[in-house]
Amino acid sequence: MVDEKISEKTSAVAPRDTSPLLNKGTSTTVSAPTISDEFSSLPPSEAEILREQVQHTEKSASFISLFRYADSYDKLLLLVGGLASLAEGCMRPLMTIVFGQVTDLFSNYTRYVPYEDFYSPGFNYTETLYNGTYGYNETYYNKTMYNTTESYFDMTGYPDPNYFQQEVNRLTVYFVIIGIADVALSYLSTYLFIDRGEVLSARIREKYLEATLRQNIGYFDKVGSGEITSRISADAILIQEGISEKVGYCIANFATLIAGFIVGMVRSYKLALILSSMLIMMMVSFAIGSQKMKRAIRRSLSGYSVGGTLAEEVLASVRNVQAFGIQERLALRYDGHLVVTEKYGLRAGICLGVMSGFLWLGIFGADAIAFFAAPMYILQGELTTGVVVTVLLTITHGAFAMSHIAPHFKAFTSATAAASKIYSTIDRVSAIDSKDTSGDKIENLSGEIELKDIKFIYPSRPNVVVLDEFSLKIPAGKTVALVGASGSGKSTIVGLIERFYKPVKGQVTVDGRDVTSLNLRWWRSNISLVSQEPTLFSTTVYENVEQGLIGSPYENLSAVEKRELVIEACKQANALSFIEALPDGFNTRVGERGFLLSGGQKQRIAIARAVVSNPKILLLDEATSALDTKSEGIVQEALDRAAKNRTTIVVAHRLSTIKDADMIVVMKKGEIIETGTHSALLAKKGEYYDLVQSQKIEKEKKAAFSGEDTGSASSETSSTLNEKLEDEEILEKVKTKASVKVRDLGSDVEDVEVHATEVADESGYAIRDLVKFIGRLAQPENTYIYLGVFCSVIQGLSYPALGEFYGHAIQGLQFVFTDPSRMYSETYTYAGLFIFLAFLLFAVTTSAISLYSYVAQRLTRRVRYEMFRHYLRQDIAFYDRDENTTGTLTMSLASEAQAIDGLSGATFGQIMNSVFNVISSAILSIIVAWNLGLVCVACVPLMVLSGFFRFWVIAKFEETVRKSHESSASYACEAASAIRTVISLTREDDVCEHYHGVLHEQTLKSRVASRKSAILYAVAQGMQYFITALAFWYGGNLIRIRQYGLLEFYIAYMAVIFGAQGAGIVFSFASDMGKARLAAINVKKLFDRVPEIDSWSTEGSKPENVQGNIDFKDVVFRYPTRPQVPVLNSLNLSIKAGQYVALVGASGCGKSTTIGLVESFYRVSGGQVQLDGVDIRNFNINDYRSHIALVSQEPTLYAGTIRDNVKLGSPDENISDDIMIAVCKQANIHDFIMSLPDGYDTLVGSKGTLLSGGQKQRVAIARALIRQPKILLLDEATSALDSESEKVVQAALDEAAKGRTTIAVAHRLSTIQNADVIFVFDQGVIVEQGTHQELLGKRGKYYELVQMQALEEMH
C-alpha cells in the first residue's frame, strides 16, 4: 500500500496504569474519544464518497435480536424449550399450593394440644392422653361426624392420626409427581436451549465472517484483524452464553414469578396485591440497572477489541518483538487497553450488585409485610394459616426466582452488548460490496483499461490528495510497468483497478465501460493479483495454488484436470522443483501465513496461484521482490510468457523485471513524469535513466564501457544454469529418498516430544492446585476477597435465619383463637426482624457482588496481561507449532480470562452464598430436629453428586470443543488478516463454506455432551422436590407421634429446603465452572511452561567489550517442527568484527535461518554459534540480543504513531527526539514524515497498513539504527524500496555498518557489491566466498546470479 495510507487518530488512547497489577490502589482516568467530522474540509460530494467507505454506525441490539438468525425449525424447538421452561417454572408455585394444604393439615393436627403442655419438659404422648383429656372420644369421633360435608379439620375435636398419615402420604405423592415432571421438563428445556445456542451462535459467527469479507478495504483501515478475531471468538461466545441454557433457567424463574403471583391472587388477592409492591420495586431496579449494565459492558468490550488488535499484531510479529527485546513495553501498552475494559467491567459489576441488593430487599420486605398484614385477615376469618403460607411462599418464591435470574442477567447484557458490535458489522452496507450480484458482465473481455481524470484520497487520511487529474490508458494485451519512488501512487492504481477503493472524482474504465457498472465478483475473477508481501493460507501447497481457480471458468473441472493446471502453473513459477523436494510434496502444509516456507518460496507459490486461472488481467505489485536472482530470472521469463495476450500491470522497483514492458510509466508524487519503452526512456536520459543508473552493478558498468563480449558469456551461463537446475532437481529428489532414515529418526524425536506433551496434558491439575493457582493470581486483592467472603457468610446465614423466623412467625399465627394479643406480638416481632434482615441483605449483597466484581476485573486484567507476557516469553519454536497460530493465541487471550471471569463476580458470589447456605442450613436443621435434619441432609449429597457429574461432563466436553473453537477462530483470523488476498481471489464464498463446515462439525460433537449435561442438571433439579417429599413424609410421621411440633418442623424444613435449593443453584453454574476449570488449566500450563530459550532467564554471562566476531562451527540445524528436513549441514562461517558480510543464494538455502541462529531464535542441532569466541548459549539471552538489531524482509510496525515505532528500537524508552530524528534522516524517512500534517505523531494503522511497503521498511531501518547495535542483521532490508530510496538508504546502511559487524541477506546484488565478504549458500552449506570482484572472477555460482540480474543494455 502506498505512502498516503495514513489514518487520522480515531480516538484518544486511555492513559494506562503504569504499574499494572502491582498497585492495588491505582486509579486510571480514561479519556473519551473526541468525535468530529474529519471530512468537513472537503467538498460535500467528495466527503460523502470517503465517509461511506469508513463510517461504521453502532446499533443497539435487543435481547430478541439475539435470535434473528433462527429459522422456522429453530423457532419451533425454541418454542418447545420455552414452553418446557414455563411449565418447569410453574412446578414451584404448584408445590406451594400443596405446601399450604400440608400447613393446614399440620396446623390443625397440632392446634388442640395446649402449647404450654405440648412443649413442657414432662410432656409425653401416651394412650391415656390420647383417650382422655384432649377430646378423642365417641362423642366427637363418630360415623355421623366423620361423614359430614363439613371439613373434618374444622371440628373442635381431636383429629384421627391414621387419617392424618393418609393425608400426609397423599400430599407426598403430589410432591413426587411434581419432581418427576420437573426432571422431564428441565431436561427438555436445558438440552434444547444448549443445542440451539450452539447452532445459532455458529450461524452468527458465519454471518459475521461473511459480512466482514464483503466490506470494502477502507473499513479494514479502521478495524484490525485482532478485533475481528475477538469478535468472532470472545464476543460470539458471550452471545452463545446469552442464548443457551441460561435462557431456559430465566424463563423458568420468570414463570415461577408470574405463576406465583397468579396463585397468590387466586388464594388471596388482597395479600397478593400488598406483597406485589415489592415486586414492582424489584422490577424497576432491574430495568434501570440493566440499561446501565449494558452500556458499561459495551464500553468494556470496545476497550478490549482495541487491545485484541494490538495483541494480534504483536503475536504475528513475535520474531521482531524478541529481536528488539520489547516484550515488556508492548505488554504495558496492551495493559493500557485492559484498563478501559477493567474500568467499565467494574461499573457493570456494581450495577449488578445494587440490582441484587434490591432483590433481597424486596424478598424479605415482602415477608415482613405479609406477617404484618396476615394476623388481621386471619382474625377476621378471611384467611387461614395455610392460605397465608401459600400466598407468602408463592410471592417469595417469585422474588427468589428473580434473585436467581440476577447472576445470569450479566450473561444477557453481555450478549446484547456483544451483539450490538457484531450486528453493526453485519448490517453495515459496504461501499464496495463483493456479494452484490448486480452489474454487467462483458462478453469477450479484451482488457483495455483507462483511468480518466482520477482524483483519489485515502479515506483514512482525507487531507492528502494522492492522485489529482490523473489519466492513463493501458492498451489491451499489453504490459505496462509503473515505476517511481515509494509513495508516488503506483500501488494506488492497482487498488483502484481491483476496486479496493473509490476515487472521489473521475472513473476507471475497461473496454470503455465504467468498472463500477460491472459485476464486482466477475470483474475480480478476471484479475489476478500478486502483491508485494505474499499471503498464503494455512493449508497445503496444492490447495493454496488451487485457490487461484475460484471464480474462473476452470473452477468446476475434475480433480485430475485441476491438478494438471496446478502443476503447470507451478512449473511456470519455477516452484515445482522445490515443492517436489518437500517432505510431502504438494500435500505439505505451509503453516500460518506460509511461515514454514522462505520468502522466495512463498512468492513463487503466490505467482503460481495467480497464473493458474489464465486471467485476462494480471497485476504484479512487486511480484518478484522476494525472489533470489536465479529464481527471478526464470520466474520473470515465465511471467513474460504469461503476460502475452493479456493486459498486465507491473509495479516494480527492480528495473530488470520490466525491461521488456510495452510501456513504462514513470511516476512521482501522483503524477506521470514520462512514458515510453525501456530503450526510449534510456535515450531520453531523464528520470528513468537516473533510476536505472542507480541500480547498475559495478562490474556490468565496466563491462559495458570496455566492450567485453558478454553475449557469449551470457549464453554459456544460461546453458550452465539449465544444467545445474536439472542436476539440482535430481539431487533434491535423491536427497529426499536418501533421507528416509533421517526422517524416521526425526519422526521418532518428534513423537517423543508430542508424547511428553500429551502425558502432561492428560495428567492435568487437581482442582485444589487450580484453586491455589487462581488464589495466587488474586493475592493482591485478598483483602477484598475476605470482605466479600464475610458478606457471603452473612448471606448464607440468612437462609437458616429465614427458616427460624418463618417457624416462629407461623407458630405465632396459631394463637389466633386462643390469644390474639400474643399472635400480634409474635408475628410483629418477626416481621420487624424480616425488615432488619432485608436491609442487612441489601447492604451485604451489594457489597459482596461489588467486591467480587472488583476482584474479578482485576483478576481478568491480570490474567490477560500475564498470559500476554508469557506468550511473548516463549521461544520461536513455540510459535512454529500448528496449534499456536496467531488466531488461536489471540482467541485464548480473550476467552481464557473471560471464562475465569464467568466464574467470578456475581457468579462467584452466588456460589459462595449457596455454599454457606448449605452448610449453615444443614447444621441448623440437625440442631433443631436431628433425625429429620439428618435424613434430609443425607439427600443433599445426591444433588451435589449429580451436579458434580454434570460439571465433570461439561469440563471434559469443553476440552474437546476448545480445540474446535481454536481451529475455527484461527481460520477466521487468517482470512481477516489476508483480506486483500481473499477478495482479490474472490474466495469469500469458499472461506465461508469452509468455516461453516468447521462449525457444523463442532456442533455435532457438542450434542452428546449436551444431552448428558441436561440429564444430570434435570436430576439435580428434581432432587429438590424429592427431598421436599421425603421431608414432609418423614416430618409428618414425627409430628403424628408428637416427637416434634410445628415450630421445629418448619425451622428444620425451611433450612433443609433452602439448603437443597442452594446446592441446586451452585450446579446451575456447572457450565461456567467447567469452562473456568479448563481455562485455569490452560493458563497454568502456559505459566508453568519454561522455554528452552527463555527471555526471562537471568542465567548466563553478560557479553563484555563486544567486538562483533561471529563464528559458525560445524553447525547442523533442523527446525523443531520438521526435524526430518536438514536445513544447515555442518555450516562453517567466520565473520570478523566490523566486517560487512553478505549472504546470497537461492530461496530456501538457509540464509534467513542463519540470521535466526545469530539472533538465537533457535538452538543449533549440532555445532556452535560463537560471539567473540564464546558459545552464544553461554550468554544471557537479553544481554546478548541487546547488541543486535534486525531489519527483516517483511517490515513490522505496530498500531500507534511513527514516533512510538521508531523509539521501540531503543532500550531507553526516554531517548531524545534529536537522536530519533537523526536516525530517521539516515533512513531517508525524515522528510516524508515532516511532510505529514501530524509529523512524527502520525498514526501508522494496524500493522502499519497506512504506510507503503517502502515507508514501513525505512521506519523499520530507523528503528534498528536507533538501537546503535554492535551487530546489524539485514534480512532483505531494502527489498521493498524503489531505486531512488534504495540508493540513499543503502548509503546510509553502508555508513551505519562502519564500526559494527553487519550481516546482510540479499537477493538484489547491487545492495551488497561493496560487502567485505560475500558467502554464497546452496543446500545449507557455503559453496563460494569472497569479495564481489573475486567471486565474479571465479565465474562460478555468484557470477551466474549477477548475470541473470543485469539489464540487457548493460551487456
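Only a predicted model underlies this, so the values are computations on that prediction, with no experimental measurement involved. Computation of the quantities below employed the complete heavy-atom set of this structure, encompassing side-chain atoms and omitting hydrogens, waters and symmetry-equivalent molecules.
- Nearest heavy-atom pair across Ser1186 and Asp1183 is OG-O, 2.6 Å.
- Test Thr1154, Val1116, Val1164, Val1325 against Leu1128 for side-chain contact (heavy atoms from CB on, under 4.5 Å) and you get one pass: Thr1154.
- In terms of heavy atoms, Arg1185 sits closest to Ile1093 at NH2-CG2, 4.0 Å.
- Within a 6.0 Å radius of NZ in Lys1338, other residues, nucleotides and ligands contribute more than 12 heavy atoms.
- In this structure, CG in Leu1190 is found 11.0 Å from CD1 in Ile1303, a value given to the nearest 0.5 Å.
- Between the Ser1210 side chain and the Ile1266 main chain, no donor and acceptor come within less than 3.5 Å of each other.
- Heavy-atom minimum distance, Ala1264 versus Val1191: CB-CG2, 3.4 Å.
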>> Set out, in order, the CA-CA distance, both residues' side-chain angles and the distance that settles side-chain contact (heavy atoms from CB on, under 4.5 Å) for Leu1272 and Thr1301, then state yes or no.
In response: CA-CA 6 Å; Leu1272 185 61; Thr1301 305; over 6 Å; no
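- When atom types are taken as modelled, the side chain of Arg1267 and the backbone of Phe324 share a donor-acceptor pair closer than 3.5 angstrom.
- Residues Arg609 and Phe537 meet the side-chain proximity criterion, which asks for heavy atoms closer than 4.5 Å.
- When all heavy atoms of Leu1143 and Phe1321 are compared, the pair lying nearest together is CD2-CE1, 3.6 Å.
- Counting only heavy atoms from C-beta outward, the side chains of Asn1132 and Asp1114 approach each other to under 4.5 Å.
- Here the side chain of Thr540 pairs no donor or acceptor atom with the backbone of Arg589 at under 3.5 angstrom.
- Note: Tyr1342 and His1332 have perpendicular aromatic rings, judged against thresholds of 30 and 60 degrees for the angle between ring planes.
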> Where do Phe1161 and Asp880 land on the side-chain contact (heavy atoms from CB on, under 4.5 Å) test, with the steps shown first?
Replying inline: CA-CA 11 Å; Phe1161 286 156; Asp880 289 347; over 6 Å; no
>> Go through it in stages, so that I can follow the logic: the residues are Arg881 and Asp875, the test is salt bridge (Lys or Arg N to Asp or Glu O under 4.0 Å), and I'd like the CA-CA distance, side-chain angles, deciding distance and then a yes or no.
In response: CA-CA 11 Å; Arg881 296 174 64 173; Asp875 51 23; over 6 Å; no
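- Arg1300 contributes a side-chain N or O that, together with a main-chain N or O of Pro1269, makes up a donor-acceptor pair within less than 3.5 Å.
- Summarising the geometry of Glu1159 relative to Ile1188, their closest heavy-atom pair is OE2-CG2, 3.4 Å, with the distance given to 0.1 Å.
- Taken from CD1 in Ile1181 to OG in Ser1160, the straight-line distance is 3.5 Å, to the nearest 0.5 Å.
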> Between Gln327 and Val321, is a side-chain contact (heavy atoms from CB on, under 4.5 Å) present by the stated rule, with each step listed?
Replying inline: CA-CA 6 Å; Gln327 295 97 320; Val321 173; 3.8 Å; yes
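- Contact annotation: the side chain of Val1169 approaches that of Phe1112 to within less than 4.5 Å [non-hydrogen atoms, C-beta and beyond].
- Taking CG of Asp1175 as the start and CG of Asp1111 as the end, the distance is 11.0 Å to the nearest 0.5 Å.
- Proximity of a side-chain donor or acceptor of Asn1180 to a complementary backbone N or O of Glu1099 within less than 3.5 Å is detected.
- Counting heavy atoms from C-beta on, the side chains of Leu1131 and Ile1326 come closer than 4.5 Å.
- In this structure, CG in Asp1275 is found 5.5 Å from CD1 in Ile1155, a value given to the nearest 0.5 Å.
- Between the Gln322 side chain and the Leu872 main chain, a donor and an acceptor come within less than 3.5 Å of each other.
- Considering only heavy atoms from C-beta on, Asp1316 stays 4.5 Å or farther from Val1141 through its side chain.
- For the 3.5 Å distance criterion, the side chains of Thr1153 and Tyr1162 fail to qualify, holding no donor opposite an acceptor.
- Put simply, the side chain of Phe586 reaches to within 4.5 Å of the side chain of Leu576, judged on heavy atoms.
- In terms of modelled atom types and a separation under 3.5 Å, the side chain of Arg1263 and the main chain of Gly1209 share no donor-acceptor contact.
- If you take CZ on Arg1258 and CG on Leu1265, they are separated by 13.5 Å, rounding to the nearest 0.5 Å.
- A donor-acceptor contact shorter than 3.5 Å links the side chain of Thr588 to the backbone of Gly585.
- Between Tyr1140 and Leu1274, the closest side-chain pair of non-hydrogen atoms falls below 4.5 Å.
- Side-chain atoms of Arg1163 do not come within 3.5 Å of backbone N or O of Arg1177 as any donor-acceptor pair.
- At a threshold of 4.5 Å between non-hydrogen side-chain atoms, the residues Leu315 and Tyr879 count as touching.
- Across every non-hydrogen atom of Asn1105 and Asp1172, the tightest pair is O-OD2, 4.1 Å.
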> Stepwise, does the side-chain contact (heavy atoms from CB on, under 4.5 Å) test hold for Val318 with Ile876?
Replying inline: CA-CA 8 Å; Val318 70; Ile876 301 302; 4.0 Å; yes
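- Without hydrogens or angle criteria, Asn1182 side chain to Ser1095 main chain gives a donor-acceptor distance under 3.5 Å.
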